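What follows is a set of notes on a single structure, which appears directly below.
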Amino acid sequence: MSEVVKLERHDNIAVVTVNSPPVNALSAAVRGGIFECIKSAIDDAQVQGIVLTCAGRTFIAGADITEFGKPPKPPGLAEVLSLMESSPKPIVAAIHGTALGGGLEVALACHYRVATKDAKLGLPEVKLGLLPGAGGTQRLPRAVGPELAVKMIVGGDPIGADAALKAGLIEEIVEGPASGGEAFARKVVAEKRPLRKLRDDDSKLAAAKADRSIFTNAVAALTKKSRGLEAPFAAADAVGAAIDLPFEEGLKKEREGFLKLMNGDQSKAQRYAFFAEREAAKISGVPEGTKGRNVARVAILGAGTMGGGIAMSFVNAGIPVTLIETGEEQLKRGMGIMQKNYEATAARGGIPADAPAKRMALINGVVGIENVGDADLVIEAVFETMAIKKEVFGKLDQYAKPGAVLASNTSYLNIDEIAQSTKRPQDVLGMHFFSPANVMKLCEIVRADKTAPDALVTAVSIARKIAKVPAVVGVCDGFVGNRMLAQRGKQSEKLLFEGALPQQVDAVVTKFGMPMGPFAMGDLAGLDIGWRSRKDRGIKSEIADALCEAGRFGQKTGKGYYKYEQGSRAALPDPEVEKLIDETLARLGRKKRVVSDDEILERMMYPMINEGAKILAEGIAARPSDIDVVWLYGYGWPIYRGGPMFWADTVGLKHIADRLAFYAKETNDPSLEPAPLLRKLADEGKTFASLAAPSKAA
Ligand code: 3HC
Ligand code: NAI
């Protein structure tokens with residue numbers, strides 16, 4: 001009998017239990033076990049009803065992603081589901097935790113479904129660059145109607161048990177999955193309820209068959225934000241087939257779409273990203289079994305742009321925060337911004353109407369650093385000046401309780417130096433959030449020289465608890481993300497001196513899939529910040545300086561590298577900027593040339609990859625995939641390209657190294673010389689992936 005699926009008989013009810021930790025994914029063993037157990041139950045004359053349930057923390061959370069791209073092992077999921085749906089005895093799926101992907105598809109092939117109150121049901125395959133491949137696109141529209149099915153399949157977000165009950169996806173909410181499922185099965189048997197096979201039930205498709213706009217409107221609303229992605233469109237086509245074609249033909253269409261996506265580059269990249277994110281939470285070099293410290297209360301210093309956003313991230317996860325400022329006025333301003341932010345989200349329907357008041361009640365705004373005393377974790381988000389950071393950490397040493405983790409949100413500064421201003425450097429580390437901190441998912445966890453392993457584990461686990469994606473990095477100027485970004489910034493500026501325009505550079509970068517180009521990003525952040533810092537350091541950047549001298553500070557002044565119409569964030573190319581660039585080049589005696597889009601792309605991306613190679617060689621990042629996580633979740637790198645290091649491997653490291661060497665010579669820029677590690681891998685015909693332990697993604 002199966003090791004991972006168990007069959008028990010309780011009188012006339014057979015209970016089939018999947019027990020394959022951690023998430024009961026549908027590995028070949030699980031598929032085989034379900035097949036055998038269901039078949040035995042069907043063949044057992046004593047059995048009149050069957051319950052399928054799971055042990056552990058969740059119902060089946062999907063196909064086993066590690067099997068994708070490898071030779072298929074029998075039985076196929078379709079075969080298992082066909083046996084279940086055609087069973088002459090009713091099968092009840094008893095769901096708890098997360099019934100996702102193939103897991104929900106298993107449940108949809110059952111005749112009835114019940115779930116616990118906190119269960120979540122969904123088809124998130126699009127998030128892996130796939131579409132549901134085991135009948136989900138055909139059965140879910142038949143269960144809940146095409147409109148909700150499109151939302152769940154094309155959007156990929158799960159729904160809760162209450163919504164599932166309302167939509168007819170489940171019959172009942174039960175207390176415990178196994179006992180509730182069994183009681184429901186007994187009821188079905190006693191009442192001799194007919195077997196409900198979704199494949200034969202077209203009733204919920206009728207409205208969309210008569211008026212296809214129900215379907216097309218739902219699709220249009222969801223694919224609006226799917227620029228560059230293949231899966232959402234293919235998934236929508238498959239749901240369309242459920243409306244247009246008989247079940248079997250729809251199933252065939254779904255299968256074709258699924259296989260095409262699974263073998264395509266986008267899904268490979270997205271599956272890689274799934275495992276990269278999880279891998280990043282595993283800290284290299286920390287003794288196994290190291291436990292984090294308990295964090296019940298958090299204090300945040302500074303209620304500015306970042307402090308406010310970080311505070312919101314914690315209270316959104318239900319963790320109370322003491323928010324500390326230097327004066328009443330600053331505090332009032334910071335609290336006011338958060339309140340407004342929550343109210344705007346509630347007005348859009350993003351959170352319940354009573355949530356703003358509830359969440360603000362979790363923030364205790366106070367003046368004075370001496371109020372950090374009860375915090376288990378303190379996050380400093382004050383001005384970016386070393387002297388101020390040192391002063392603040394000196395005071396934290398005085399007022400924070402022993403064992404509290406002391407984190408800095410600095411963007412660039414040296415955490416080792418900051419830690420020296422305390423007598424407890426083992427408790428000091430960086431937690432570098434990204435702006436807007438309540439939205440962006442990345443948190444670079446900066447491991448300083450003396451950071452204790454349990455402090456590091458605490459920071460990583462608390463970041464996950466507040467729904468951030470942590471990536472552990474080492475101390476260096478700008479850590480992983482900003483250090484690589486600086487290389488792109490340098491090249492984008494140089495390109496203007498050679499004849500490219502801001503809009504040309506930005507267009508290449510956004511066409512690649514980034515949400516914004518470097519110049520639009522500069523306008524958003526404010527050009528005056530860099531201008532002031534250059535002045536302080538006696539550095540010039542003629543074009544950027546000329547813009548600022550003309551009062552063009554970016555979006556905040558309605559003009560920067562672009563112009564902005566009143567109240568609009570849309571970046572419009574501005575002939576005045578072109579003129580200003582021309583004049584600057586003429587003044588400097590520089591000749592313009594035509595810069596191709598291909599060159600722009602190479603010069604935007606390859607220097608970052610080169611820096612990534614240096615970061616790996618220095619041990620600032622432990623794995624290439626950690627660098628990819630930083631870019632995916634901190635800078636909006638397109639998920640279907642996996643991350644810069646993954647993408648570099650697909651381009652080929654030899655090509656990248658050769659092109660960098662070419663540009664180093666052509667543009668007289670030694671900083672573009674291929675890094676030793678990149679050159680070595682390129683010469684050996686290897687990839688960045690070869691440096692890491694084999695990925696679970698195929
Ligand atoms: N296949 C293989 N491994 C999986 C997996 C899956 N479907 N889902 C999770 N895992 C692994 C993770 O890699 C992780 O392994 P690790 O401990 O070695 O790092 C472990 O299970 C625990 O996962 P999480 O850390 O993510 O645990 P959480 O409790 O935070 O989240 C979850 C649980 C919500 C189930 C989350 O893991 C998840 O979203 N999983 C993916 C769900 C999914 O996408 N399902 C669809 C798959 S595609 C499919 O079904 C195709 C079908 O249509 C044919
Ligand atoms: P900000 O200027 O918006 O806010 C800083 C706040 O700190 C101000 O409200 C100030 O009154 C307060 N403050 C100053 N000294 C203080 C003290 N001793 N105690 C308590 N509060 C004090 O600055 P912002 O943008 O929020 O940046 C804060 C930190 O976060 C900086 O280190 C910055 O480099 C970093 N950071 C900023 C990002 C951004 O995009 N703005 C992104 C990531 C990190």
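This is a predicted model, so every value here is computed, not measured. In each ligand, atom 1 is the first atom listed, and ligand 1 is the first ligand listed.
Geometrically, ligand 1 and A134 share no nitrogen or oxygen pair separated by less than 3.5 Å. Checked against a 3.5 angstrom limit, the closest N/O atoms of G133 and ligand 1 fall inside it. Note: an N/O pair closer than 3.5 Å links A61 and ligand 1 by distance alone. At under 3.5 Å, a nitrogen or oxygen of I65, whether backbone or side chain, sits near a nitrogen or oxygen of ligand 1. Distances between N or O atoms of R278 and those of ligand 1 include at least one value under 3.5 Å.
Counting atoms of ligand 1 from 1 in the listed order, those under 4.0 Å from a heavy atom of P132 are 53 (O). Listed by atom number, the atoms of ligand 1 under 4.0 Å from L128 heavy atoms are 44 (O), 47 (C), 48 (S). When each atom of ligand 1 is checked for a heavy atom of G101 under 4.0 Å away, the hits are 46 (C), 50 (O). Short contacts between ligand 1 and G62, defined as distances under 4.0 Å to a heavy atom of the residue, involve ligand atoms 45 (N), 50 (O). If you number the atoms of ligand 1 from 1 as listed, the ones under 4.0 Å from a heavy atom of F275 come out as 13 (O). Of all atoms in ligand 1, listed by their number and element, those nearer than 4.0 Å to a heavy atom of E105 are 52 (C), 53 (O), 54 (C). Atoms of ligand 1 lying under 4.0 Å from at least one heavy atom of R57, given by number and element, are 22 (C), 27 (O), 28 (P), 29 (O). Close contacts of ligand 1 with K282, meaning ligand atoms under 4.0 Å from a residue heavy atom, involve 16 (P), 18 (O), 19 (O).
The side chain to side chain contact (heavy atoms under 4.5 Å, CB included) check on M386 picks up K390, L413, N414, E417, I418, with sequence neighbours excluded.
Of the heavy atoms in D64, both backbone and side-chain atoms come closer than 4.0 Å to ligand 1. Residue contacts with ligand 1 for P22 involve side-chain atoms from C-beta outward but no N, CA, C or O (heavy atoms, distance under 4.0 Å). Of the heavy atoms in P124, only side-chain atoms (C-beta onward) come closer than 4.0 Å to ligand 1. Only the side chain of R464 comes within 4.0 Å of ligand 1, judged by heavy-atom distances. Looking at E279 against ligand 1, nothing comes within 4.0 Å, counting heavy atoms. The residue L123 has no part lying near ligand 1, judged by heavy-atom distances below 4.0 Å.
Without hydrogens or angle criteria, Q270 side chain to K127 main chain gives a donor-acceptor distance under 3.5 Å. Here the side chain of E105 pairs a donor or acceptor atom with the backbone of A134 at under 3.5 angstrom. A donor-acceptor pair under 3.5 Å is formed between the side chain of E444 and the backbone N or O of V480. Although no hydrogens or angles enter the test, the distance criterion places no donor-acceptor pair under 3.5 Å between the side chain of D397 and the main chain of S421.
In this pair, W631 and W637 present their aromatic rings perpendicular. The plane angle is above 60°, beyond the 30 to 60° band.
The existence of a salt bridge linking R532 and D536 is excluded, since no basic side-chain nitrogen approaches an acidic carboxylate oxygen closer than 4.0 Å. Between K395 and E370, no side-chain nitrogen of the basic residue sits less than 4.0 Å from a carboxylate oxygen of the acidic one, so the salt-bridge criterion is not met. Ion pairing of R623 with D628 is absent here, as no side-chain N (NZ or NE/NH1/NH2) approaches a carboxylate O to less than 4.0 Å.
For the atom pair CG of L130 and CZ of F68, the computed distance is 5.5 Å after rounding to the nearest 0.5 Å.
Nearest to atom 7 (N) of ligand 1 by heavy-atom distance, out of A25, A280, A63, is A63.
In this structure, R278 is positioned above the aromatic face of F274, its NZ or CZ under 6.0 Å from the six-membered ring centre and within 45° of the axis.
Ligand 1 does not have G136 within reach: every non-hydrogen atom of the residue lies 4.0 Å or more from it. Ligand 1 lies out of reach of K127, whose nearest heavy atom is not under 4.0 Å from it.
With 3.5 Å as the limit, one finds a donor-acceptor pair spanning the side chains of T137 and E254. Residues T322 and R297 bring a donor and an acceptor atom of their side chains to less than 3.5 Å of each other.
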Do R199 and E248 pass the salt bridge (Lys or Arg N to Asp or Glu O under 4.0 Å) test, and can you show the C-alpha distance, the side-chain angles, and the key distance before you say yes or no?
CA-CA 9 Å; R199 61 186 298 151; E248 282 299 336; 2.4 Å; yes
What's the verdict on salt bridge (Lys or Arg N to Asp or Glu O under 4.0 Å) for K70 and E67, showing C-alpha distance, side-chain angles and the deciding distance?
CA-CA 6 Å; K70 296 178 186 151; E67 285 187 357; over 6 Å; no
Start with the C-alpha distance between K441 and E277, add both sets of side-chain angles, then the distance that settles salt bridge (Lys or Arg N to Asp or Glu O under 4.0 Å), and finish with yes or no.
CA-CA 11 Å; K441 291 188 76 176; E277 178 185 330; 5.0 Å; no
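Atom NZ of K73 sits in a sparse spot, with 12 or fewer heavy atoms from other residues, nucleotides or ligands closer than 6.0 Å.
Each of G302, G304, T305, M306, I324, E325, T326, Q330, R333, A381, V382, F383, E384, K389, V392, N409, T410, S411, H432, F433, S435 has a non-hydrogen atom positioned under 4.0 Å from some atom of ligand 2.
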